[in-house]
Amino acid sequence: MLSFPAAIKVYLCTVPCDMRRSFDGLSMMAEHVIGCNPYAGHLLVFSNRRADRVKILYWDRDGWAIWYKRLEAGTFEFPFAETGRREIAAWELAVLLEGIDLSQGKRRKRYSLPAAKKEEEREKTGKETGAS
């Protein structure tokens, strides 16, 4: 199992990706589809349409690195959407890679900083307007 620092940002590309893409193709998707700087050191997560393969791209001080997983049976519970990205916590990525469906679980109330609350509210309203 992979472990990630809690402070790392993880962005899911919610558009299915061609798994033949490598470093340059995925970094271009990060820039244009996810809308973030691929050189910032964030984890950028991509999946194929069948959701049985995942690639994680990140910039590691002096070059690109890719982590790739292909399932022999089953699928990942990947939140596909028409366009864009979804930011998740590092622990959520670990759970996603283990095959656990977080949509069935209920998140308990926790404290978060006021700036983080504004970001969460902005994401929620963006999801609601994007769904209609």
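All of these numbers come straight from a predicted model, not from anything done at the bench. All heavy atoms count here, side chains included; hydrogens, waters and symmetry mates do not.
No side-chain heavy atom of S22 sits less than 4.5 Å from a side-chain heavy atom of W64. Within the 4.5 Å cutoff, the side chain of F78 has heavy atoms near those of the V45 side chain. Here the side chains of F46 and L26 are in contact, with some heavy-atom distance below 4.5 Å. No side-chain heavy atom of L57 sits under 4.5 Å from any side-chain heavy atom of Y68. Considering only heavy atoms from C-beta on, L97 comes within 4.5 Å of F76 through its side chain. Side-chain contact between V15 and I34: absent, with no pair of heavy atoms (C-beta onward) separated by less than 4.5 Å. With contacts defined as side-chain heavy-atom distances shorter than 4.5 Å, the pair L44/C13 does not qualify.
Put simply, the side chain of E92 gets close to the backbone of A89: a donor and an acceptor are under 3.5 Å apart. Of the possible polar contacts, one joining the N48 side chain to the R53 backbone as a donor-acceptor pair under 3.5 Å is found. Between the K55 side chain and the R21 main chain, a donor and an acceptor come within less than 3.5 Å of each other.
The line from SG of C36 to NZ of K9 is 9.5 Å long, rounded to the nearest 0.5 Å. One distance of note links CZ of R86 with CG of L12; it measures 6.5 Å at 0.5 Å rounding. In this structure, CZ on R70 lies 10.0 Å from CZ on R50, to the nearest 0.5 angstrom.
Here W59 and F23 keep their ring centres 6.0 angstrom or further from each other.
Applying the side-chain hydrogen bond (donor to acceptor under 3.5 Å, both in side chains) test to D18 and every residue at least two apart in sequence or in another chain returns R20.
Hydrophobic clustering (ILVMFWY, side-chain heavy atoms < 4.5 Å, transitive): L71 and L93 are in one cluster. Cluster annotation: Y39 and V33 are assigned to the same hydrophobic cluster (Ile/Leu/Val/Met/Phe/Trp/Tyr, side-chain heavy-atom contacts under 4.5 Å, transitive). Taking hydrophobic clusters as Ile, Leu, Val, Met, Phe, Trp and Tyr residues chained together by side-chain heavy-atom distances below 4.5 Å, M28 does not share a cluster with I66.
For the residue pair P38 and S27, the shortest heavy atom distance occurs at CG-O, 3.8 Å.
The pair R85-E87 does not count as a salt bridge, with every side-chain nitrogen at least 4.0 angstrom from each carboxylate oxygen.
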